[in-house]
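Presented below is the structure to which this report refers.
Throughout, protein chains are lettered first and strands after them, A, B, ... in sequence-line order, and every chain is numbered starting at 1. Every heavy atom of this structure was used, including side-chain atoms; hydrogens, water molecules and symmetry mates were not.
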There are 2 protein chains.
Amino acid sequence: MPGDRRPYRRESEETRREALIEAALDLVAEGGAQAATVRAIADRAGVTPGLIRHYFASKDELTRAAYRRLMERMTADSGAALDTHGAGWTASERLAGFVAGSLRPPVVDPLRLGLWAGFLNAVRADAGMRAIHEQNYHAYRDRLEGLIADLPRWADAARCRADAIACNAVIDGLWLEGSALPEGFAPGELERIGLHTVSAILGLPLNPPNLPSSSPPPEGPAP
Amino acid sequence: MPGDRRPYRRESEETRREALIEAALDLVAEGGAQAATVRAIADRAGVTPGLIRHYFASKDELTRAAYRRLMERMTADSGAALDTHGAGWTASERLAGFVAGSLRPPVVDPLRLGLWAGFLNAVRADAGMRAIHEQNYHAYRDRLEGLIADLPRWADAARCRADAIACNAVIDGLWLEGSALPEGFAPGELERIGLHTVSAILGLPLNPPNLPSSSPPPEGPAP
DNA sequence: GCCTTTGTTGTACATTTGGATAATTCAATA
DNA sequence: TATTGAATTATCCAAATGTACAACAAAGGC
């Protein structure tokens, strides 16, 4: 039956690269690094294997692109609320928003954890992967340190750095916990624990900002 | 050259299983799950591939045995100081010893992290692996919760459980940080941050017990 | 000292799988 | 309509996978 040829469909380079990267990420998340074969990636992306090498010099290059995408997404998702609503927030609210954003979906997600674990060995083995990792990891921590430095309290640079390390560790730990045992925490519990603990580290009360979606403004009665 | 046959060496079942499990763990730690092939494991253990199936019904069973070993070791290593010197310690010292033990080598170790990541997907996919995981994970957290419940403070069971979850998360996070970036922390820094943060969560000062190896008794001047 | 038992070796098997690539087909654009 | 390059198909070749099995070597009972 030679008639079942895949319908020829022409797409932009942007779309194809996007689809391939997304397919690779999905597969690593679900089945680890060994699940992301060129055949599986092409299949998931809705193309044929040959096309991968048309857009990426090798499979390793696709892997690196996928990892870069993952890391960028982690930082971006954590600060998403800040970027959209944080203009008028106080420094304390901005930090709280960043912490809370790091501790709820989509950042906290079992698939993200699998993804992260699936890439871990490749990051250790491949120098290019390591470079991508370092760069994006520091971008996250620097952003956190900047938010801490803006707080209305007296603290020198060394203290800010130490606090950022501790807070980062707490956030990472809660992220790990929440992602590994999603049913182990009530909705919002992770964020509460995170904010409480960060408050304790900094010696400063930290209240989450009111998000438009989570709590409506008080002028209207509940329907 | 037919003379290079491996010298026949007969060992106890205990020794062989041990060697095979250890080899499997080493390989997963270094190169991820896909590096632990039957040939590589046999090679590392100093035997020939055929022997694996003499001691384990399948490769999966060896994998499960290796994962069980890893999990048991994590809890045991964390509480090693307690088990040897903790007899006369106060409840606060025992908790501090457990926290500190979880945040230094050999528990904190890049290879352990790689090991943990290498097993993550298998744990998600295989029901047997999942059972092993649950069992040992709860053993760790229950031990932590027990140490917290013994503290000289008033706290109901719910509070103890919540505190144990938060402390566990902090410990896991610092473990992750310290294992992923071993050069990012000064010696002992991780334990200090952990004790400080756990103290903040519990609202209780926590001092590390004097270990015979870490700080000598005060009767002798420093050489 | 033979003989059964069992740990151990070496190898072969059957299959799957890996990434890569050559040749071909098809749609869009000029 | 001619040209171009994205996309498909089929295949290559090698390497590696878990498993099975027959030959081999040492204990230990008798």
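The closest side-chain donor-acceptor pair between A:T75 and A:S78, if any, does not fall under 3.5 angstrom. Judged purely by distance below 3.5 Å, without hydrogens or angles, the side chains of A:D142 and A:Y137 never pair a donor atom with an acceptor atom.
For the atom pair CG (B:L195) and CG (B:L103), the distance works out to 7.5 Å, reported to the nearest 0.5 Å.
Counting to the nearest Å, the C1' atom of C:dT8 and the CZ atom of B:F56 are 16 Å from each other. Put simply, CZ on B:R10 is 8 Å from C1' on C:dT5, counting in whole angstrom units. Between the CZ atom of B:R17 and the P atom of C:dG7 there is a distance of 11 Å, rounded to whole Å. Between A:L20 atom CG and D:dA6 atom C1' the separation is 13 Å, expressed in whole Å. Atom CG of A:L51 and atom C1' of C:dA27 are 15 Å apart (whole Å). Distance, A:I52 CD1 to D:dA7 C1': 13 Å, rounded to whole Å. Taking atom CD of residue B:Q34 and atom P of nucleotide D:dA16, one finds them 13 Å apart after rounding to whole Å.
A close approach under 4.0 Å does not occur between any side-chain nitrogen or oxygen of B:R9 and OP1 or OP2 of C:dT8.
For the segment residues 35-46 of chain A, the set of residues with a heavy atom within less than 4.0 Å of an atom of DNA chain C comprises A:T37, A:V38, A:R39, in numerical order. Against DNA chain C, the stretch residues 59-66 of chain B makes no heavy-atom approach under 4.0 Å.
Side chain of A:V47, nearest nucleotide from D:dT8, C:dT8, C:dT9: D:dT8. If you check C:dT9, D:dA20, C:dG7 against the side chain of B:R53, the one that comes closest is D:dA20.
Salt bridge A:R69/A:E18: present, at least one basic N to carboxylate O contact under 4.0 Å. Ion pair B:R17/B:E13 flagged as a salt bridge, since at least one NZ, NE, NH1 or NH2 atom sits closer than 4.0 Å to an Asp/Glu carboxylate oxygen. Taking a cutoff of 4.0 Å between a charged side-chain nitrogen and a carboxylate oxygen, B:R104 and B:E189 do not qualify as a salt bridge. Using a cutoff of 4.0 Å between basic side-chain nitrogens and carboxylate oxygens, B:R53 and B:E61 are not scored as salt-bridged.
Residue B:E11 is in sugar-phosphate contact alone, with no base atom involved, counting any heavy-atom pair closer than 4.0 Å across all strands shown.
With the nearest nucleotide of DNA chain D identified for both A:Y55 and B:S58, A:Y55 has the one nearer the 5' end. Nucleotides of DNA chain C nearest to A:P49 and B:H54 differ in position, and the one nearer the 5' end is that of B:H54.
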Using a 3.5 Å cut-off and no angle test, enumerate the donor-acceptor pairs between side-chain atoms of residues 106-123 of chain A and protein atoms at least two apart in sequence or in another chain.
residue, atom, partner, partner atom, Å
A:D109, OD1, A:L111, N, 3.0
A:R112, NH1, A:D77, OD2, 3.4
A:R112, NH2, A:D77, OD2, 2.8
A:N121, OD1, A:R124, NH2, 2.7

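Counting heavy atoms of neighbouring residues, nucleotides and ligands inside a 6.0 Å radius, atom CZ of A:R141 exceeds 12 of them.
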